[in-house]
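Data first, discussion second: the structure below is written as structure tokens.
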Amino acid sequence: MRVPCLLVLCALAATVAGSDQHYRLAATQIAADTWLVRGSTAHFSMANGGNIANCAFIATGGGAVVIDTGPSARYGEALRTLVERTTGEPVVRVYNTHHHPDHFLGNQAFAGIPIYALPDTRRAMAEQAEDFSDNLYRLLGTWMKGTVPHLPTVDALPGESTVGGHRLELFAYRGHTAGDLVILDHATGTLFTGDLVFNHRAPTTPNADLAAWRSALQGLSGTPFARLVPGHGDVAEHGRAIAETADYLQWLAGRIDDAVSSGRSMAETLYLPIPRRFDAHDTLVEEYRRSVMHLFPGVEHAFFHAE
Ligand SMILES: [Zn+2]
């Protein structure tokens, strides 16, 4: 009786270990010439292969533009196939919105095509890409097979740039990371915000400057758009996702400031309750605790060393 069970277990293990590790990417059309490849709003896991961030692409008539490339070489290959099949156009340009690994480790599949990122993003990638990649190998194992960081090749600079029939306006912000690129496609009114905006998914803060992030969101809320593509979560039609991200960040900063100034320890702060108005955010408790661990020591240091 034990042998068949063992065989089943071996078969399951083989499936998990490699034979079925294919990203089943789907493109959803969200505007004329424009598609979203939506990632899961969960954490990195063996079940999702690290497919947790949104990518998007535009068929410009003068070639396809790709915004973010996913977490691994294999994802990048699947994305490129999907883009070219969906648009019937070759990829002529790639943008990386920021330096986090779920957004750019698929770049390898676009080698030879100009890959644009803000200068601050390129600097951060040069410093951290290897560590990010090592970390994803630890979390995702064979999903990462063959992945080597392939860094952007061109500086993205604020201002307008036309590709085919699409006039793209680039904005340089910071706050989620040292360089956060936002792209407004004037042809369709679609605003691609990268991780400055999370929609019903708790924001991540490992490289965040919360004050700069909040002022970036202020800038975005004054930008007219028809729809917004966040870094994580569904497309949003109005400013709600911007306001909700700003609300969470303001609350988080206040929570940590209050905890430090009232003498709470980091351990205590980790387990304080979170207001119910954030219940719609996926991964809320985990991200809150990660944020406390990232941010508390700096706030505490500033508090005790203030004049
Ligand atoms: Zn990010």
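For reference, positions follow the sequence shown, starting with 1. Order of appearance sets the numbers: ligands from 1, and atoms from 1 within every ligand.
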Cation over ring face, Arg93 and Tyr116, 6.0 Å, 45°:
yes
From CG (Leu118) to CG (Leu170), nearest 0.5 Å:
8.0 Å
Count, waters excluded, of protein N, O or S atoms under 2.8 Å from the Zn ion (ligand 1):
4
State whether Arg74 and Glu77 are salt-bridged, where the test is any N-O pair (Lys NZ or Arg NE/NH1/NH2 against Asp/Glu carboxylate O) under 4.0 Å.
no
Taking the six-membered ring for Trp and the full ring for Phe, Tyr or His, determine whether the centres of His232 and His281 are under 6.0 Å apart.
no
In sequence, state the C-alpha distance, the side-chain angles, and the governing distance for Asp257 and Phe303, and then conclude on side chain to side chain contact (heavy atoms under 4.5 Å, CB included).
CA-CA 9 Å; Asp257 283 349; Phe303 184 78; over 6 Å; no
Under 3.5 Å, is there a donor-acceptor pair linking the side chains of Asp185 and Thr190?
no
